[in-house]
Amino acid sequence: MTERLIEWHDTIGSTMSRAAELASAGAPAGTIVAAKQQTAGQGRLGRSWHSPADGGLYFTQILRPHLPPDELPVITLALGLAVADAIQLFTGLPCDLRWPNDVLCAQNEKKLAGILTQYHDGAILAGIGLNVNQTEFPEELRNIATSLVIETGTENDLEFLLKAAAGAIETHTDTLKRSGVTAILRLFGAQSSYVSGRRVIVDLPQGPARGVTSGLTPSGHLTLTKDNGEVITITAGGVRPDTEAGTAHA
Ligand code: BTN
């Protein structure tokens, strides 16, 4: 297995900020900052990431994939595939992937992991928040989040899981480098129920858009066929199931 530098913290503000410092100082690809608690965990779209010391795994891996800038969004998809693989390997739990980067428990669509990708000083910071041994969540997250122990009844060792996830991240970023974007798009399309035929609401800056998902673009963005027939490309934003309208997914 590849030797990686792992900096473990019992508690830290955010592993993203510490990894950014290390990346600027020239830390090699694969370097990881991991924590058992974050006091200022960052989520996507400017949200915070609930990170108490109750069994979650929070880490950021520094990547230096040397990819053309237009392939960077696909890295996020590769990270989702990697985290889902590590979970499946460890627990056997089937996962779904919600574009661009939520790893869900396939059985109940609750979130097991979230991914935050940032570009910093020539490096990519892959931030992963994985719900491992938490036995409960605060009221506001209870219906949308779950953990490996809740779903399987078995606790997992955070350090083993970290190594499995880091290895899977390296495998999938290698696949991207060697086999190209199409390989990742194909794998993501095969593993995600959200890529096509799924009735969703997308929260865009100009307001919510409703429609049915209709595939990925060659850059890894999601296309949505709106109810008026217009096809739009989603480059950022939160995608959620449109439960009021039912589902177009078989
Ligand atoms: C999301 O909003 O779904 C992405 C959440 C990413 C959270 C992880 S936890 C480790 C790393 N450090 C942070 O502050 N955020 C990411």
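Every number for a ligand or one of its atoms is a count from 1 in the order of the listing. Everything numeric in this text was worked out from a predicted model, so none of it was measured.
Of the inter-residue distances, the one linking T60 atom OG1 with Q38 atom CD reads 7.0 Å to the nearest 0.5 angstrom.
Every residue two or more places apart in sequence or in another chain that forms a side-chain contact (heavy atoms from CB on, under 4.5 Å) with T117 is listed here: I75, T76, L79, I115, I124.
A salt bridge links D227 to R199: at least one charged side-chain nitrogen sits closer than 4.0 Å to a carboxylate oxygen.
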| CA sep, side-chain torsions, deciding dist, call: D242, R198, salt bridge (charged side-chain N to carboxylate O under 4.0 Å, His left out) | CA-CA 9 Å; D242 188 351; R198 191 78 196 248; over 6 Å; no
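The minimum heavy-atom distance between I234 and I232, with the atom names listed, is CD1-CD1, 3.8 Å.
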Show me a pair-per-line table, with atom names and distances to 0.1 Å, of protein N or O atoms that are under 3.5 Å from an N or O of ligand 1.
from     : atom 1 : to   : atom 2 : distance (Å)
ligand 1 : 2 (O)  : R44  : N      : 2.7
ligand 1 : 3 (O)  : K111 : NZ     : 2.7
ligand 1 : 12 (N) : T15  : OG1    : 2.9
ligand 1 : 12 (N) : Q38  : OE1    : 2.9
ligand 1 : 14 (O) : S14  : OG     : 2.7
ligand 1 : 14 (O) : Q38  : OE1    : 3.3
ligand 1 : 14 (O) : Q42  : N      : 2.7
ligand 1 : 15 (N) : Q42  : O      : 2.7

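N108 and E151 share a donor-acceptor pair across their side chains, judged by distance under 3.5 Å alone.
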